[in-house]
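Positions are given from 1 along the sequence. Basis for what follows: all heavy atoms, side chains included, without hydrogens, waters or symmetry-related copies.
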Amino acid sequence: MENMKLNNNLECPMLGLGTFMLSPEDAYTSTLEALKMGYSLIDTANAYVNERAVGRAIKDSGIDRKNIFLSTKIWASEYENENTVEETLERLGVDYVDLLYIHQPAGNWLAGYRMLEKAYREGKAKSIGISNFEGKYMEELETKWEIVPQFIQVEAHPYFTQKELRVTLDKYGIKLMSWYPLGHGDTTLMNELVFAGLGKKYGKTPAQVILRWHTQMGFVVIPGSKNAEHIKDNMDIFDFALTDEEMEQIAKLDKNERYYHRTDEQLVQFANWKPEFEK
């Protein structure tokens, strides 16, 4: 596994397990399997309603807490709940998280960010981040943060490399964590000839080549799966390296086109929706 150093000198693994859309049962099984295989980064969120399951898997793995990089996200309807950080830690069964995000630029998101800064100062979050903050939201936050975030989590893949956003990120040393890293299962992306050719050259699948591309772009990548073989294969990407020429070939695929298009109406809905947490 390769690590990256964050702008606060904390180290983070380049690849982890994402738990988006995993039921509590599947999140528990996948997290436990991943940790046994050697993963050390696990990403979850209030909104995934599987934090308790992830926490149980971490505990049952028997792995020392300090050897796990645990990431979660505060949901928009929780930004004004002054107890939400403690409640999140309680669900996870931990005293701190390694990375704490606010999940969407919805509702009173500045209050949410202030909560992250407070958690960081108190040691309840070793690093902090923003998820889905792009364009005007990133520009506004840039004028209001007291602590620069360590991470942003956004859609990124070879068809959409976040070129514009990365100009701002590079200015502050903010790292990017990719979601939809394999193009939301788009067979068009997976079937691009360049990935088939590179897969043949290195003895890898197109998905493994794409995941390796992410890490060489400097992105942390968190593919999710409930299939143990896929989880294992996703980690098997650090025994080869794409050349500069090959990275340039892949760069030609960039269409600046995303799969997910969020609307202002959805942001209003996000602020009003309350997750039904596991009991």
Side-chain angles (χ1 to χ4, degrees), residues 1-20 22 27-45 54-55 57-73 92 94 96-101 125-129 150-154 156-158 169 173-182 195 198-199 201-243 246-247 250:
M1 181 64 67
E2 295 174 0
N3 290 343
M4 65 158 51
K5 188 168 280 193
L6 309 182
N7 62 18
N8 64 352
N9 289 320
L10 192 69
E11 291 213 346
C12 175
M14 296 292 296
L15 180 136
L17 177 77
T19 61
F20 176 54
L22 293 186
Y28 173 85
T29 304
S30 292
T31 300
L32 195 58
E33 286 288 336
L35 290 171
K36 286 178 180 176
M37 290 174 189
Y39 279 73
S40 53
L41 164 60
I42 307 293
D43 179 76
T44 181
V54 167
I58 288 172
K59 183 180 178 183
D60 291 350
S61 74
I63 295 170
D64 195 317
R65 170 69 186 90
K66 71 175 185 291
N67 294 325
I68 296 171
F69 194 102
L70 178 59
S71 164
T72 194
K73 308 172 202 73
L92 289 163
V94 296
Y96 69 93
V97 289
D98 299 274
L99 174 55
L100 186 63
Y101 289 99
K126 301 296 185 186
S127 59
I128 57 176
Q150 280 70 55
F151 263 109
I152 188 167
Q153 191 175 116
V154 285
H157 42 75
L169 302 187
I174 300 168
K175 300 300 185 184
L176 189 152
M177 191 177 284
S178 308
W179 57 259
Y180 281 176
L182 299 174
F195 299 128
L198 291 172
K201 173 182 175 180
Y202 292 111
K204 300 293 178 181
T205 65
Q208 288 171 317
V209 173
I210 294 171
L211 294 175
R212 187 55 170 147
W213 169 85
H214 278 274
T215 66
Q216 289 188 220
M217 285 290 288
F219 304 160
V220 172
V221 64
I222 46 168
S225 181
K226 57 185 179 182
N227 180 306
E229 284 304 310
H230 288 168
I231 293 170
K232 184 171 182 292
D233 287 346
N234 289 343
M235 189 173 67
D236 187 23
I237 63 168
F238 296 105
D239 58 351
F240 76 105
L242 300 167
T243 66
E246 289 163 352
M247 291 293 286
I250 297 171

Colleague: In the structure I gave you, are the side-chain heavy atoms of Val209 and Glu246 within less than 4.5 Å of one another anywhere?
Modeller: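 Sidechains of Glu246 and Val209: no contact.
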
Colleague: If you take all heavy atoms of Leu182 and Ala207, which pair is closest and at what distance?
Modeller: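 Distance-wise, the nearest heavy atoms are CD2-O, 3.7 Å.
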
Colleague: Does a side-chain heavy-atom distance below 4.5 Å link Leu22 with Thr31?
Modeller: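 In short, these two side chains do not touch, never coming nearer than 4.5 Å.
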
Colleague: With a 4.0 Å cut-off, would you call Asp233 and Lys204 a salt bridge?
Modeller: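 Salt bridge between Asp233 and Lys204, a charged N being under 4.0 Å from a carboxylate O: no.
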
Colleague: How close do Pro181 and Leu211 get, heavy atom to heavy atom, and via which atoms?
Modeller: CB-CD2, 4.4 Å

Colleague: Do you know the tightest heavy-atom contact between Leu99 and Met177?
Modeller: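 Closest pair (atom of Leu99, atom of Met177, distance): CD2-CE, 3.8 Å.
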
Colleague: What is the distance from atom SG of Cys12 to atom CG of Asn3, rounded to the nearest 0.5 Å?
Modeller: 7.5 Å

Colleague: Does a salt bridge link Glu11 with Lys126, judged by any charged N lying under 4.0 Å from a carboxylate O?
Modeller: no

Colleague: Evaluate the side chain to side chain contact (heavy atoms under 4.5 Å, CB included) criterion for residues Leu10 and Gln150: first the C-alpha distance (whole Å), next the side-chain angles of each, then the deciding distance (0.1 Å), finally the verdict.
Modeller: CA-CA 9 Å; Leu10 192 69; Gln150 280 70 55; over 6 Å; no

Colleague: Tell me, do Lys175 and Leu6 make a side-chain contact under 4.5 Å, heavy atoms counted?
Modeller: yes

Colleague: Spell out, as yes or no, whether a donor-acceptor pair under 3.5 Å connects the side chain of His214 to the backbone of Ser178.
Modeller: no

Colleague: Is there a side-chain contact between Met1 and Leu41 in this structure, where contact means two heavy atoms from C-beta onward sitting under 4.5 Å apart?
Modeller: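 In short, these two side chains do not touch, never coming nearer than 4.5 Å.
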
Colleague: Hey, does Leu242 have a side-chain heavy atom less than 4.5 Å from the side chain of Ile250?
Modeller: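 A side-chain contact exists here, since the closest heavy-atom pair is under 4.5 Å.
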
Colleague: Is the side chain of Arg212 donor-acceptor paired with the backbone N or O of Thr215 at a distance under 3.5 Å, no angle test?
Modeller: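 Answer holds: no.
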
Colleague: Using 30° and 60° as the class limits, which term best fits the ring planes of Tyr202 and Phe240: parallel, tilted or perpendicular?
Modeller: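 Tyr202 and Phe240: tilted rings.
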
Colleague: Treating Ser30 as the side-chain partner and Ser225 as the backbone partner, does any N or O pair qualify as donor plus acceptor under 3.5 Å?
Modeller: yes

Colleague: Taking 4.0 angstrom as the limit, do Asp60 and Lys36 come out as a salt bridge?
Modeller: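 Answer for the salt bridge query: no.
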
Colleague: Output the distance between atom CG (Asn67) and atom CZ (Arg65), rounded to the nearest 0.5 Å.
Modeller: 10.0 Å

Colleague: State the OH-OG1 distance between Tyr101 and Thr72, to the nearest 0.5 angstrom.
Modeller: 10.5 Å

Colleague: To check you understand the geometry: which heavy-atom pair defines the closest contact between Ile152 and Ile174, and what is its length?
Modeller: N-CG2, 3.9 Å

Colleague: If we only count heavy atoms from C-beta on, is the Tyr39 to Ser61 side-chain gap below 4.5 Å?
Modeller: no

Colleague: Closest approach of Leu176 and Ala156, non-hydrogen atoms and distance?
Modeller: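 It is CD2-CB, 3.9 Å.
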
Colleague: Indicate yes or no for a side-chain donor-acceptor contact from Asp98 to the backbone of Leu70 under 3.5 Å, with no hydrogens or angles considered.
Modeller: yes

Colleague: Are Leu15 and Phe238 close enough that some pair of their side-chain heavy atoms sits under 4.5 Å apart?
Modeller: yes

Colleague: Taking all atoms of both residues into account, what is the closest heavy-atom pair of Leu100 and Ala125, and its distance?
Modeller: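 Nearest heavy atoms, Leu100 then Ala125: CB-CB, 3.8 Å.
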
Colleague: Side-chain contact, heavy-atom cut-off 4.5 Å: Leu198 with Trp213?
Modeller: no

